[in-house]
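Every chain is numbered from 1, with letters handed out A, B, ... down the list of sequences.
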Amino acid sequence: MSDKDNKSYRDTLCLPKTSFAMKANLTQREPQLRKEWAKNNIYAKTRQARQGAPLYTLHDGPPYANGDIHMGHVINKVLKDFVIKYKTMTGFDAPYIPGWDCHGLPIEAKVFTELGEKAKEIDKLEIRNLCKKYASKYVKLQSKQFQELGIFGDFENPYLTFTPRYEAGILEVFAELVGKGLVRKQLKPIHWSIGCETALAEAELEYKDISSPSIFVNFPIAKESIEKLVELGLIERQAASDKSRICFMVWTTTPWTLAANLAVAVHPNLEYKTISCEKNGDKFISILCAERLEAVIAAGELKEGQYTVSDKSVKGSALEGLRYLHPFVENNPTDKDAYMVVCAQYVTTEDGTGLVHTAPGHGAEDYITGQQYELATYSPVLSNGCYDDTVPDWLRGRNVLEVDTLVNDNLQKKGLLFAQAAITHSYPHCWRSKGPVIFRATEQWFVSVDKELPPAGKTLRELAMESTGKVRWIPAWGQKRIEGMLESRPDWCISRQRSWGLPIPVFVNSKGDALLTKESVLAVAKSVGEKGSNCWFTDSPRQLLGEDFELPAGFSFDDLQKEENIFDVWFESGCSWYSVAHKAGWPVPVDLYLEGSDQHRGWFQLSLLPALGAIGKAPFKNVLTHGFTVDEKGMKQSKSLGNYVNAQDEVAKYGADILRLWVASVNYQEDVRCNDELIGRIQDAYRKIRNTLRYLLGNIDDFDPNKNSVAYNDMFEIDKWALQQLQKLIAGVTDAYENFVFHRVFTLIHNFCTIEMSSIYMDVLKDRMYCDPADSLSRRSAQTVMYKIVDCLVRMFAPILVHTAEETWSVMKFKSADEDSIHFAEMPKVDDSINWQQEEPKWQKLMELRDKVLLALEPLRKDKIIGSNQESSVTIHCDADAAAVIKNFGLENFTALCIVSEIKLEESTTETKVTAEKSSYQKCQRCWNYWPTVGTNNEYPDLCERCVSVIR
RNA sequence: GGGCUCGUAGCUCAGUUGGUUAGAGCGCACGCCUGAUAAGCGUGAGGUCGGAAGUUCGACUCUUCCCGGGCCCA
């Protein structure tokens, strides 16, 4: 038999035929598909297709409009797209309105950097316009990059936080909070540039090493507190009455802040001792942390014998409440308590004395401690860096950066300066004036979280804590996390002293009274909604509020100034549930917020608070979070570490569907390991799915479901099995999608393609599909099933492999639904008439037997007795049970299932055993089976009976 | 330093309320096929479940501590 003859039989076979290419060529095919989608307005059409259907609202959290998108964006947006597409395919009207966070310092800072020297001459409005331009540029860029991932949405009409409509919404929410009395003004220390006389944000600080004074200062303890120390046993009674001065020893590197000292902080759990010594003729007993003794002795250059240390020690908590005298301020300048020991967790033993000089008006931690102990936020420093009149006269009007020597001399004279030196340390400087930055308390606007608000009479914090139980958090620990944050969060400082943002609409009169009422805010909201927030800078108060606005008592338009604070951008994005969702007509709470787990503190919390304040409800029903991308070792990714994965590069290299499949393959609830290799590996899985489709499509090329379908009951057993497996798959995939467990969708589909399809069903089917007559029941039975499988598979992975699904849909000759795009189609549902559970035990036994058969062939193959399975003849020595299973199934069917030429059954009492040998029959040159009928036909001596009948 | 969280084969994932020799797919190795062919099939080797201690008759599953990550704070 020559090759040529073989060829002639080849032509009598029904081999797979399809235009669906094996090679995906995603990077070229995908852009073409997207062009088609754009041309056909795919998103608008999806919405039309679901008009009137129940809404499913996923509200997009706005990414910051700066820079290229990265892998974090990819995960976030692709997950959202999975949800939107899945919900659409299950019959919901699932709109997606993408948004961008456009205001804020990073953009303003970039614009300043780009301007360079020119920045100083440019006015606020011009800066704002440049910022708007900058933000718009990146909105456009990111929008394009998102769409390149195959994401559908209203990218023509995204929400941008700088638009008048959005800004007005923020003010409308703010008005509610104002109306409920939640907004108040309070002093708070912030970074202050003396050179620029302006507040600075963290991002505007440059850290430089400078030399600062390092001084150890004794704060004399008040008489009544000395008595307590005696009671504690830390001070001996005799010592208390002799001429020693008993002090708390503190350490500082900013002597100028001593003028604003209001407290001394200790760590409640550290041990404190006394050191007694004589220095410069003064006798001291100083209290300090036991662990710092050695360092302090060294700093004071005390020699052995010049000092004694107490044996007794007390915990810091025992010192709480003890009082001292300020070293140079005679009377407490504030209207609140001062000059006592307080406890703070941040006190360390790394430097200093373990007693921390605390000036609530001049330090972040000091401020928090001050709040806890109800101290004043005392900051006797003017905007130009000079002391005000509340300090001792020898400091008044002096620049705080030039008084270190004065302070030291004063302390020296009083004998309170234990030691002084210089240290070099990193210290923040202003990025523009380059001078050192100070902490200075300024008036800021706050949203109170502990003030009761009408009508419930509960605080925002209480409402927030109650609301978390009503939200479904995915994963569930999100609830604990956000509750922890809500429990401990301070009042929300919503004001910033910048240009690029929405102004806080506060007016002040010359007496310094602020005009901020629900009505005034709503009046400004109207102006802003019409003209945009630039009007705050261009219009007069009268214009902003409107001619008919009724000013409250004490205010007149002739005496009204505008404040120039802007909102914290978090307040802006925290109002999106109103500015976007509510204004789009969606019911609030919306169905789903879906962001990275950092947003528990960020967007989730800061959307929850305004919503509770304004409407008394959380803005979301479900909150789903995902983890962060890390490198292959699980470490944080960064450009500087060199383990950064560039999202654009990956899309360009592999195509969007590969990235999307990768997102679907990982458990996003945890950190996601990610590098080029890991993404590249997903291509294998993609190819398996693609080839499975290709094979199925190739085998139904001549199948018209309307004409050739076979009823379930008339099908071959293995075809029924395949349909049963499909139902099982649909059930699993549906459940996984419903619960947002996309990696289970991936695993289920991938395993289905690999095991049920490729390695079992499609392999078993070859003989029937290729060799039986084209229009035979056996082929039509299998084709009915394969058609159904393609149809269901493509729908099930459509939300993930958006391009490949569309491509598949387009090559399907007979579509089961008359939709132009797979993305309008519906998800398959389980066919309840097919009871797959019932058949499972039977099939499990059959498959186990099949495995035993296949295993028995291996030795023959190894010994080169057979090559393919078809060359073998198998004998199964099986128990009655197994024999029954096989007989019931049909020996012929089982032989086909194993793809061998012959199986003989021999009942045996022992354990089931399979033996195999080379078939004694001849090989049919058409179907390659070794069957007894080969050679029985004279006309075709090289064919089996079946093949003879087919080619006749 | 604090809150939350994660750590099962090379990779991605399963492992119900603690209970037989810890599973799957991929990858890898070896072999087969050459009528899915830059495809397809089979077989096999890989984990003692981050580490230690404890509770228990019995723990990957519970407790404590430690190590190493991540997010958010300080």
Step-by-step salt bridge (charged side-chain N to carboxylate O under 4.0 Å, His left out) determination, A:Lys852 to A:Glu848: CA-CA 6 Å; A:Lys852 283 196 173 127; A:Glu848 277 167 16; 6.0 Å; no
Protein-nucleotide distance (A:Asp863, atom CG; B:rG31, atom P), rounded to Å: 14 Å
Contact letters for nucleotides 66-74 of chain B, in which S counts primed atoms plus P, OP1 and OP2 and B counts the base, heavy atoms under 4.0 Å: ---BSBSSS
Separation of atom CE in A:Met757 from atom P in B:rA36, rounded to whole Å: 17 Å
Whole angstrom value for the distance that separates P of B:rC41 from CG of A:Asp851: 14 Å
Base of B:rG35 and ring of A:Trp928 stacked, centres under 5.5 Å, planes under 30°: yes
With 3.5 Å as the limit, what N/O pairs link the protein to nucleotides 21-24 of chain B?
from, atom 1, to, atom 2, distance (Å)
B:rA24, O2', A:Asn751, ND2, 3.3

A:Lys918, NZ atom: more than 12 neighbouring heavy atoms under 6.0 Å: yes
Touch class at under 4.0 angstrom, heavy-atom based, for A:Arg690 against every strand present: nothing
B:rG2 versus B:rU64 - spacing of their P atoms, nearest Å: 15 Å
Separation between the C1' atoms of B:rA59 and B:rU55, rounded to whole Å: 10 Å
Touch class at under 4.0 angstrom, heavy-atom based, for A:Gly698 against every strand present: nothing
A:Tyr695 or A:Lys864, whichever maps to the more 5' nucleotide of RNA chain B: A:Lys864
Closest to the A:Arg861 side chain, choosing from B:rC11, B:rG42, B:rA38: B:rG42
Residue-phosphate contact under 4.0 Å: A:Lys17 side-chain N/O, B:rA36 OP1/OP2: no
Gap in Å between the two C1' atoms, one belonging to B:rA22 and one to B:rA36, rounded: 36 Å
Separation between the P atoms of B:rU20 and B:rC49, rounded to whole Å: 16 Å
For B:rG1, the Watson-Crick or wobble counterpart (both distances under 3.5 Å): B:rC73
OP1 or OP2 of B:rA14 under 4.0 Å from side-chain N/O of A:His743: yes
Whole-Å P distance, B:rG18 and B:rC60: 13 Å
Over-ring placement of A:Arg690 relative to A:Phe20, 6.0 Å and 45° cut-offs: yes
Whole angstrom value for the distance that separates C1' of B:rG35 from CG of A:Asp763: 12 Å
Spacing of the P atoms in B:rU8 and B:rU61 (rounded, Å): 13 Å
Between B:rC32 (P) and A:Leu855 (CG): distance, integer Å: 17 Å
Complementary nucleotide of B:rC41, counting Watson-Crick and G-U pairs under 3.5 Å: B:rG31
Sugar-phosphate only, base, or nothing, as touched by A:Asn667 at under 4.0 Å among non-hydrogen atoms: sugar-phosphate
Pairwise P distance, B:rG25 and B:rC41 [rounded to whole Å]: 12 Å
Comparing A:Lys23 and A:Leu678 on RNA chain B - which has the more 5′ nearest nucleotide: A:Leu678
B:rG23 pairs with, by Watson-Crick or G-U criteria that keep both distances under 3.5 Å: B:rC13
Spacing between A:Ile899 atom CD1 and B:rC32 atom C1', to the nearest angstrom: 13 Å
From B:rG25, B:rG40, B:rC4, nucleotide with atom closest to A:Thr754 side chain: B:rG25
Heavy atoms of other groups near A:Lys923 NZ, more than 12 under 6.0 Å: yes
Plane angle bin for A:Tyr593 and A:Phe604 - parallel if under 30°, tilted between 30 and 60°, otherwise perpendicular: tilted
Phosphate OP1/OP2 of B:rC13: any A:Arg673 side-chain N/O under 4.0 Å: no
Side-chain ion pair, A:Lys188 and A:Asp491, N-O less than 4.0 Å: no
Side-chain ion pair, A:Arg744 and A:Asp735, N-O less than 4.0 Å: yes
Sugar-phosphate, base or nothing in reach of A:Ser758, heavy atoms under 4.0 Å: base
Syn/anti state for B:rG42 [syn: chi within 90° of 0]: anti
A:Ser665 side chain near B:rC13 phosphate (N/O to OP1/OP2, under 4.0 Å): no
Whole-angstrom distance between B:rC11 and B:rU16, as gauged at atom P: 22 Å
Mutual orientation of the aromatic rings belonging to A:Phe703 and A:Tyr787 [parallel < 30°, tilted 30-60°, perpendicular > 60°]: tilted
Working for side-chain hydrogen bond (donor to acceptor under 3.5 Å, both in side chains), residues A:Asp676 and A:Tyr654: CA-CA 10 Å; A:Asp676 178 67; A:Tyr654 300 114; 3.0 Å; yes
Donor-acceptor under 3.5 Å (A:Arg779 side chain, A:Met769 main chain): yes
A:Trp721 and A:Tyr761 aromatic ring geometry - parallel, tilted or perpendicular at 30°/60° bounds: tilted
A:Arg481 side chain to A:His600 backbone, donor-acceptor under 3.5 Å: no
Length of the CH2-P vector between A:Trp473 and B:rC4, whole Å: 16 Å
